[in-house]
Amino acid sequence: MEETGSTSVYGASLAGGGFNVQKFIRQPQTIVRLLSWIFAIVVFACITTEGYINPPNSAQAKCIFNSNDSACHYATGIGVIAFLACVGFLVLDVYLPFMSNAQERKYAVMVDLGFSGAWTFLWFVCFCLLASQWGRTHDISSIPEDAARATIAFSFFSIATWGILTYLALGRFRRGANEVTLPTYAEQPADHHTPYPPTYAPTSYNPTTYTPTTYTAYPSSVPDLHQQPAFIPNIQPHDDAGYQPPNY
């Protein structure tokens, strides 16, 4: 029999199918998740390294985005959580094919869908906040402009990547268990040249033509010595001459 068909649940193969590293890396969700991971690093790294400066009239470091520390704190928090979430979901994507329970896979995809949708919205808020505060910043003589622009740009890119992750998770959730296709088997045509089915025929077997043994008919003219004769009753003749009636 030849197996024709693949089996998968919630975008991952059934348990016991093994883990293919090359296939996992080439998956769209893996590529987009890695991009989201890199973008998150750029955002919080730019703010933590060059996002604060000391104004001329103050000894306390201020955020480069219009001296609004809340904007820097928000972007840093969103970036760090997104960085950790990408690592966690990558591990979950690796572990998903080993889940034998479809309900557990459903919950995993639901968590991915909910978190990706929420972080798409939060990155949009982050981008709008940083762009707004940067537009209100007037004194940019001592501000590292490249770091500020990179933070805003990669916040915008993160909206796109997390939006794609939301779309991919939604697609996996909608397919769900309906994506299961039981494997079908195609019967091979029977080989009539061999006395055994092709599945069980030994490789070293050399079939030969079988000629049945024929026997001549037993002649009917020869008496059968083993046949018993027909039953003939032995009737004794009655002789009434010697019969004498009894005397009373």
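The basis for the numbers below is simple: all heavy atoms, side chains too, and nothing from hydrogens, waters or symmetry mates.
- When side chains are defined from C-beta on, L122 counts as touching Y74, because their heavy atoms get closer than 4.5 Å.
- Rounded to the nearest 0.5 angstrom, Q133 CD and L130 CG are separated by 8.5 Å.
- Nearest heavy-atom pair, A108 versus L96, reported as atom, atom and distance to 0.1 Å: CB-CD1, 4.1 Å.
- The backbone N or O of R26 lies less than 3.5 Å from no partner atom in the side chain of T30, so there is not a single donor-acceptor pair.
- The distance from the SG atom of C126 to the CD1 atom of I152 is 9.5 Å, given to the nearest 0.5 Å.
- Partner W37 forms a ring pair (Phe, Tyr, Trp, His ring centres under 6.0 Å) with one of F83, F44, F89 and no other, that one being F83.
- A parallel orientation is assigned to the rings of F115 and W119, their planes being inclined by less than 30° (bins at 30° and 60°).
- Judged by distance alone, the side chain of R175 and the main-chain N or O of L170 form no donor-acceptor pair under 3.5 Å.
- Contact annotation: the side chain of I31 never approaches that of Q27 to less than 4.5 Å [non-hydrogen atoms, C-beta and beyond].
- Remark: side-chain polar atoms of D112 are not paired, donor with acceptor, to backbone N or O of A169 under 3.5 angstrom.
- Atom CE of M110 sits about 13.0 Å away from atom CZ of R172, to the nearest 0.5 Å.
- What you find for D93 and R33 is that their closest heavy atoms are OD2-NE, 3.0 Å.
- The minimum heavy-atom distance linking E50 with P144 is given by the pair O-CG, 3.4 Å.
- At distances below 3.5 Å, not a single donor-acceptor pair connects side-chain atoms of S132 with backbone N or O atoms of C128.
- At distances below 3.5 Å, at least one donor-acceptor pair connects side-chain atoms of N68 with backbone N or O atoms of S70.
- The structure places OH of Y95 at 10.0 Å from CZ of R105, a figure rounded to the nearest 0.5 Å.
- In this structure, NE2 in H73 is found 13.5 Å from CD1 in I78, a value given to the nearest 0.5 Å.
- Between I64 and Y52 the shortest heavy-atom distance is CG2-N, 4.1 Å.
- Taking every heavy atom of both residues into account, V43 and A75 meet most closely at CG1-O, 4.0 Å.
- W134 contributes atom CH2, which lies 7.0 Å from atom CZ of F65 (distance to the nearest 0.5 angstrom).
- Taking both residues in full, the closest heavy atoms of F24 and L90 are given as CZ-O, 3.9 Å, listed atom of the first, atom of the second, then distance.
- Side-chain polar atoms of T161 and S36 form a donor-acceptor pair below 3.5 angstrom.
- In this structure, F124 has its ring center at least 6.0 angstrom away from the ring center of F121.
- Looking only at distances, no side-chain donor or acceptor of S116 sits under 3.5 Å from a matching main-chain atom of L113.
- Although no hydrogens or angles enter the test, the distance criterion places no donor-acceptor pair under 3.5 Å between the side chain of S158 and the main chain of F39.
- Using a distance-only test at 3.5 Å, with no hydrogens or angles considered, a donor-acceptor pair links the side chain of T166 to the main chain of G117.
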